[in-house]
Asker: 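To start, I am sharing the structure in question, which I have written as structure tokens.
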Amino acid sequence: MAKILIIEDDQVFSELLVMHLEDRNHEPQAATTMEQARQILADNVPDAILLDQQLPDGFGIDILKEITEHTPHPPVIMITGVSDNRLAIQAMGLGAHDFIRKPMDEIELETTLNNALKSHRLSRQIFAIKGDKQYQIDIGQIVGDSPAVLEICKTIGRIASRNAPVLITGESGTGKEVIARALHHHSRRTGLFLPINCSALAENLLESELFGHERGSFTGAIARKEGKFEQTIDGTLFLDELGDMPTSIQPKLLRVLQEGSFERVGGTQTLHSNARIIAATNRDLKAMVNAGHFREDLFYRLNVVHLHLPPLRERIEDMHLLTEHLLAKINVKQHTTVKHLAENAWRRMKEYQWPGNIRELENILTRAAVLAPGDTITLDLLALPGEDGQKINDTEETGQARPLRIISLDELEQEHITAILAHVRWHKGKACEILGISRPALDRKIIKYGLDL
Ligand SMILES: Nc1ncnc2c1ncn2[C@@H]1O[C@H](COP(=O)(O)OP(=O)(O)OP(=O)(O)O)[C@@H](O)[C@H]1O
Ligand SMILES: [Mg+2]
């Protein structure tokens, strides 16, 4: 039997919770306002607290702050209908035990509560040291209300202020960089967030970008240059496309991770870095380790905390919030005024597999918004490929010669790249394979022709 305080202004929901807890031989007590909760807490400390966010006289998160300032404190489980993930990150960062979204089922509540009571009993003697961090909640926003996204947000809340490296995996366009930025944003780090794309630079340039170089260390090194590790004092270094990091640079990275020290290219002076490292990849690093393309020791060193972003097709529940968020963003950026999606367009969007994930969703919505004559996106504007994919070349089978078109090579290239990207639905890796060019080359052409709207 445990004493459980319910802080919830919805009387019906609160009574349901009381009944549920009494059935399980607990001793529930209900407060409907923050004030009432404070009075109860002043008299006796419960074994666990169930806390709502929206209360008549304030926000649950504020009372959470008051509760977790004292050590030891009872475990707090936030139960809220608020779908903003920043709240989950914030709550976990402030020391909430867990975060449940309404509607929830009895099993979820029971499991979470039992875990909370158990870990509270075990950890009564262990006090967490809390700083006086102020959370900003305007950037670092992760949109989505699927269980997978909520789990990721909870982990971000738990680990943001730690120094351990983080490995983010997921298909292209799933939001790996969004997660990395949110992690930095919610950390205590005062320095910069510096991204570096390991696939976009040639081997020696990447090494010098990361570690810097001394004057004259190679042809073209006309002056000493500071590397990203030097620039990221108290900040976060985001190693994007880590799977493409050449094996020759991997030992140097391992050393920074192990000892925090490195030398500039061509230099002898040992420098130190306290940058937090977040790495991202859409490749299977474990398979690369097995194939000898990625160092095993480096893999384990980077894989201390692993966040995996499932593809959009596996978290289709996120589509609604994402579409709303992206359309609002597109309307501002493109000066469009889209307010609605036709019902059949929405149905098709939910069935579609989204191989290019959220980036593809954003591209498709941008194109549709720009082309929409009114404030509604219709099915035809989405131009999503059919079940069996789009035919790239409709005249291929007809045997007829195509009429000569008087256009420049650049125009032809732009058209072809646009068509291939549409065909592979913005899966850049597949586009590179078809076009026979490298990922950096494709990225340059996308920028050159302004294809990424
Ligand atoms: N949860 C999210 N909430 C809001 N926007 C998102 C979210 N996830 C992704 N996006 C948007 O989708 C696009 C792709 O995200 P991002 O660049 O982080 O993906 P990625 O996994 O790093 O892709 P790649 O592997 O191709 O580099 C961005 O424009 C980003 O703003
Ligand atoms: Mg990325």
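Quick note: numbers below take in every heavy atom, side chains included, and nothing from hydrogens, waters or symmetry partners. Atoms within each ligand, like the ligands themselves, are counted from 1 in listed order.
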Asker: Nearest protein heavy-atom contact for atom 22 (O) of ligand 1: which residue, which atom, what distance?
Answerer: E177 N, 3.3 Å

Asker: With a cutoff of 4.0 Å, is K329 in contact with ligand 1, counting heavy atoms of the residue only?
Answerer: yes

Asker: Can a side-chain donor-acceptor contact be found between N163 and R189 if the only test is distance below 3.5 angstrom?
Answerer: yes

Asker: Could you see which bit of K428 sits under 4.0 Å from ligand 1, with heavy atoms only: side chain, backbone, both or neither?
Answerer: neither

Asker: Just distances here: any N/O of D240 and N/O of ligand 1 closer than 3.5 Å?
Answerer: no

Asker: Just which atoms of ligand 1 are under 4.0 Å from any heavy atom in H325?
Answerer: 4 (C)

Asker: Just which atoms of ligand 1 are under 4.0 Å from any heavy atom in L322?
Answerer: 2 (C), 3 (N), 4 (C)

Asker: Is ligand 1 less than 4.0 angstrom away from at least one heavy atom of L361?
Answerer: no

Asker: Look at atom 13 (C) of ligand 1 and say which protein heavy atom is nearest, naming residue and atom and giving the distance to 0.1 Å.
Answerer: E362 OE1, 3.7 Å

Asker: Quick test: of every protein heavy atom, which one is nearest to atom 17 (O) of ligand 1, and how far off is it to 0.1 Å?
Answerer: R359 NH2, 3.0 Å

Asker: Specify the protein heavy atom at minimum distance from atom 25 (O) of ligand 1: its residue, its atom name, and the distance to 0.1 Å.
Answerer: K176 NZ, 2.7 Å

Asker: At a non-hydrogen distance cut-off of under 4.0 Å, which region of L309 contacts ligand 1 (side chain, backbone, both, or neither)?
Answerer: neither

Asker: May I ask you to test the S208-N204 pair for a side-chain heavy-atom distance under 4.5 Å?
Answerer: no

Asker: Does the distance from a Lys or Arg side-chain N to an Asp or Glu carboxylate O, for R359 and E362, drop under 4.0 Å?
Answerer: no

Asker: Could you work out, for atom 1 (N) of ligand 1, the closest of L312, V149, V143 by heavy-atom distance?
Answerer: V143

Asker: Looking at R439, which atoms of ligand 1 are within less than 4.0 Å of one of its heavy atoms?
Answerer: 26 (O)

Asker: Is the closest basic N to carboxylate O distance between K286 and D284 below 4.0 Å?
Answerer: no

Asker: The criterion is ring-ring contact (aromatic ring centres under 6.0 Å, His included); which residues satisfy it with H184, sequence neighbours excluded?
Answerer: F193

Asker: Is a side-chain donor-acceptor pair under 3.5 Å present for E171 with N357?
Answerer: yes

Asker: So which heavy atom in the protein is nearest atom 30 (C) of ligand 1, and how far is it from that ligand atom?
Answerer: V178 CG2, 3.6 Å

Asker: Heavy-atom contact check, 4.0 Å cutoff: does H427 meet ligand 1?
Answerer: no

Asker: For F262, does the six-membered ring have the charged nitrogen or CZ of K252 within the cation-pi criterion, i.e. under 6.0 angstrom from the centroid and within 45° of the normal?
Answerer: no

Asker: Assign the ring pair F229 / F211 to parallel, tilted or perpendicular, where the plane angle (0 to 90°) is split at 30° and 60°.
Answerer: parallel

Asker: Closest non-hydrogen protein atom to atom 16 (P) of ligand 1, residue and atom name please, with distance?
Answerer: G175 CA, 3.6 Å

Asker: Just by distance, do the side chain of R276 and the backbone of R162 share a donor-acceptor pair under 3.5 Å?
Answerer: yes

Asker: Looking at D234 and R188, is there a salt bridge between them, counting it only when a charged N and a carboxylate O are closer than 4.0 Å?
Answerer: no

Asker: R264 and side chain to side chain donor-acceptor pair (under 3.5 Å): which partner among H213, E214, E207, E226?
Answerer: E214

Asker: What protein heavy atom lies closest to atom 12 (O) of ligand 1? Include the residue and the distance to one decimal.
Answerer: I358 CG2, 3.3 Å

Asker: Non-hydrogen atoms of G173 versus ligand 1: any pair closer than 4.0 Å?
Answerer: yes

